[in-house]
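Here's the structure we're looking at; comments come further down.
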Amino acid sequence: MDVQVVCPYCGVGCGLMLKIENGKAVGVSPCKEHPVSKGTLCIKGATADKIIDHPLRLKYPLIKKQGRLVKASMGEAIDLIAKNFKRIIDTYGANSIGVIASAKCTNEENYLFQKFAMIALKTNNVDNSTRLCHAPSVSSLFESLGSGAMSNSYDDIEKADCILILGSNPAVTQPVAFRRILEAKKHGGKIITIDVRNTETAKQSDIFAQINPGTDIFFVAGLIKIIVENGLENKKFIEERTKGYGEFLNSIKKLSLDEISDATGVPEEKIKEIALEYSKKNSAIVIGMGITQHSIGMENVLAISDLALLTGNIGRSGTGLNPLRGCNNVQGSCDMGCVPNILPGYRTFTEENIRHLESLWDAEKLPIEKGMTQCEMIDAVPEEILGMYIIGENPLVSLPNITSVEENLKNLEFLVVQDIFLTETAALADIVLPSACFAEKTGTFTNSERRVQLSKKAVEAQGEAKADWVFIKLLAEKMGYGRFFNYKDSKEIFEEIRKVIPQYSGIVYEKLEKHGIQWPCDKESPEGTKFLFENKFNTTDGKAVFYPIAHRKTEANKEYPFFLISCRLLEHYNTGTMTMNIDSLREVSPEAVVEINPKDAKKMNIGDSERVKIISEFGDLIAKVEFNNGVKQGVLVIPNHYAVVRVNRLVGNALDPVSKIPAFKDCKVRIEKLRS
Ligand code: SF4
């Protein structure tokens with residue numbers, strides 16, 4: 001028997017067929033008719049079945065006794081969690097507990113995490129991993145266009161005449177999406193990549209511009225300047241569908257092309273070639289974390305949004321602004337409201353919206369004040385945050401300034417972690433609950449292109465592992481809030497989601513069989529929506545907003561002369577909690593290596609494969625060097641998946657002031673040779 005499920009890894013959302021024999025998963029194959037993956041998978045998806053019966057999977061609750069996590073009964077674990085959550089709220093008041101929800105859990109589960117936080121924990125301190133990847137895209141595009149999601153579809157990207165990829169390496173990070181991008185070449189579409197590194201994506205592009213680190217906004221300003229100076233702006237579109245153009249226009253006069261070329265390290269002629277290519281065609285933009293993970297992440301995305309508006313390259317097939325999302329349900333987790341500053345369905349925190357939610361849930365006195373982001377929650381330990389509930393995330397590897405994260409997690413009065421493996425974070429917990437994995441539960445996931453897909457339970461979970469929503473139901477019952485969480489299955493939860501989240505109102509499980517459906521799906525769009533903004537933007541007056549370009553770049557630092565760029569690998573995913581447990585993936589890249597330009601290495605008398613110490617203001621690590629001519633001089637590149645070599649040990653606390661994403665890509669370091 002084959003059961004169709006959604007890949008548990010990246011936001012592309014490929015369809016897998018799990019082969020089931022005698023109740024066990026014995027293999028995986030690509031789903032041939034799948035609308036996204038079309039019969040292909042990358043090596044992560046193709047080995048996803050290895051997670052299911054892995055010997056290290058958590059099967060029973062664990063409770064810390066005398067410093068050691070020991071097996072416990074489900075009843076004891078749930079009882080203890082409920083007692084401690086109640087004790088913390090009674091002692092320290094509302095907002096003393098923080099929740100990190102999981103971008104790898106289903107929509108139904110994320111919806112309940114958020115509802116549980118508001119009703120039972122009395123807080124909006126709920127966040128998910130969007131904070132670490134595309135929070136600036138969500139916030140900026142919400143400001144400028146009225147929706148922070150990917151505007152178009154993979155089908156649409158294939159139709160583009162030009163695809164401009166900025167700060168993203170989909171050939172490695174979202175390989176199946178990249179195959180769809182390459183399809184555009186068949187009808188003569190051009191692929192242009194702008195990146196600090198000469199990546200796999202850059203190598204397969206028609207044009208590549210290698211920019212200096214932290215100068216993305218200058219580069220985009222250069223494109224805009226050339227388009228305006230050559231009269232290539234789309235005047236009709238600007239006039240009819242946008243506002244704020246005058247102030248934006250003034251902002252681009254402040255820098256000359258000379259200065260832009262100097263700052264970015266890209267010759268004027270190349271900037272011009274790219275500007276003409278993008279503006280004269282049906283063009284789509286793809287962005288990644290090279291753009292967002294900066295203290296000016298939001299300003300970077302706003303500038304890119306300006307570029308699309310300037311040329312009218314949005315609101316049509318083959319155009320658009322497309323942040324490629326990292327986790328398989330990071331889009332859904334945001335849709336469900338698992339972020340501290342918005343309610344389910346992207347409703348803002350107003351009295352009216354809170355009252356509306358109270359009436360839908362038949363609840364009283366829901367917390368109206370916005371919550372804290374995950375970095376803020378951990379920074380607030382132990383003064384304001386005394387307890388945390390972390391579901392399917394591993395902040396001890398994924399957050400910046402790990403030394404301080406570890407100290408603060410240890411300072412919590414009470415930590416609960418719910419996961420499929422005993423992660424580095426779970427090892428610190430007071431109680432660990434064993435989650436069912438993707439193949440052991442039914443539920444929906446929403447991929448990057450807003451496609452809500454149904455993933456069906458293929459096998460039974462082992463031991464006492466349960467779907468994450470079941471733990472919420474058990475805890476709510478124990479804490480006296482059972483009537484708000486009285487669901488018999490995920491379909492019943494989804495029926496409630498339809499009432500609360502307008503974008504999902506027209507979706508029913510039956511419609512999701514095989515192909516899924518792209519939100520918004522409502523009375524106006526009963527078959528879903530392939531691309532957004534065809535007739536109007538989602539802003540209050542329907543017009544998109546130009547924002548003035550901020551001319552700021554990351555400054556060099558004499559004491560720490562290298563820019564450290566964290567990257568991702570094809571064979572690994574996030575903090576490696578799943579892929580490091582799969583032999584065939586771990587063996588491809590068993591250890592983190594730091595890539596360096598050989599000219600830089602030579603200056604410091606560092607040889608290929610030599611181990612070096614990398615030091616920042618916040619910590620240090622030791623890693624093996626690998627020479628790579630594709631890395632710019634003055635830049636080091638290191639993958640972020642490894643718990644042993646935790647690159648985030650080196651990253652400081654700087655955040656984008658509005659979206660609060662940590663500035664992972666503004667990290668300055670120096671290298672020291674190890675004494676022999
Ligand atoms: Fe899974 Fe992403 Fe690979 Fe598709 S591209 S198989 S969703 S990891």
Side-chain angles (χ1 to χ4, degrees), residues 3-19 25 27-52 102-106 129 133-134 150 153-155 157-158 165 168-183 199-201 204 286 288-289 322-333 392 420 437-439 443-455 458 515-516 518 567-582 584-586 588-589 639-641:
V3 180
Q4 185 173 330
V5 297
V6 176
C7 176
Y9 292 112
C10 87
V12 180
C14 297
L16 312 181
M17 300 305 292
L18 277 181
K19 191 174 177 57
V28 63
S29 60
C31 176
K32 290 201 175 59
E33 298 90 37
H34 195 268
V36 173
S37 43
K38 299 190 165 181
T40 61
L41 295 174
C42 77
I43 54 169
K44 289 194 287 292
T47 52
D49 60 315
K50 305 284 184 288
I51 297 165
I52 303 168
S102 176
K104 297 186 283 291
C105 285
T106 64
S129 67
C133 55
H134 271 294
M150 182 167 158
S153 317
Y154 300 120
D155 281 355
I157 291 180
E158 276 183 9
I165 303 173
S168 176
N169 184 15
V172 162
T173 56
Q174 286 103 344
V176 172
F178 189 60
R179 279 178 210 151
R180 303 292 304 272
I181 290 171
L182 289 176
E183 285 294 304
T199 60
E200 291 306 310
T201 301
Q204 295 177 72
V286 167
M289 290 185 254
N322 302 294
L324 293 184
R325 310 302 302 263
C327 295
N328 72 337
N329 202 33
V330 68
Q331 181 64 52
S333 187
I420 64 172
C437 77
F438 69 106
T444 58
F445 295 90
T446 305
N447 78 351
S448 268
E449 57 164 12
R450 297 167 281 103
R451 184 178 297 276
V452 183
Q453 305 191 76
L454 182 61
S455 192
H515 300 308
Q518 289 172 275
C567 73
R568 288 176 286 161
L569 304 174
L570 174 64
E571 55 278 1
H572 287 302
Y573 174 76
N574 284 8
T575 63
T577 54
M578 294 190 281
T579 52
M580 294 290 174
N581 280 322
I582 298 176
S584 58
L585 297 180
R586 190 184 54 253
V588 180
S589 301
N640 66 358
H641 309 291

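All values reported here derive from a predicted model rather than from experimental measurement. Start at 1 and go down the list; that is how both ligands and their atoms are numbered.
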Nearest-neighbour protein heavy atom for [atom], which is reported as residue plus atom name and distance:
atom                    : value
atom 2 (Fe) of ligand 1 : Cys10 SG, 2.3 Å
atom 1 (Fe) of ligand 1 : Cys7 SG, 2.3 Å
atom 3 (Fe) of ligand 1 : Cys42 SG, 2.3 Å

For Ser102 against Gly392, the heavy-atom pair lying closest together: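 The answer is OG-O, 3.6 Å.
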For Val36 versus Glu449, what's the shortest heavy-atom pair and its separation?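 Answer, listing the atom of Val36 first, then Glu449: CG2-OE2, 3.2 Å.
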Side-chain H-bond candidate by donor/acceptor type, Gln331 with Thr446, under 3.5 Å: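 No donor-acceptor contact under 3.5 Å links the two side chains.
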Using a strict cut-off of 4.0 Å, indicate which atoms of ligand 1 neighbour a heavy atom of [X].
X      : answer
Gly13  : 7 (S)
Val176 : 4 (Fe), 5 (S)
Tyr9   : 8 (S)
Gly45  : 6 (S)
Pro175 : 5 (S)

Counting N and O atoms only, with roles assigned by atom type, does the side chain of [X] sit under 3.5 Å from a partner on the main chain of [Y], one being a donor and the other an acceptor?
X      : Y      : value
Asn169 : Thr201 : yes
Glu571 : Thr579 : no
Lys104 : Asn328 : no
Ser455 : Val6   : yes

N/O/S from Cys14 sitting under 2.8 Å away from atom 2 (Fe) of ligand 1: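 No.
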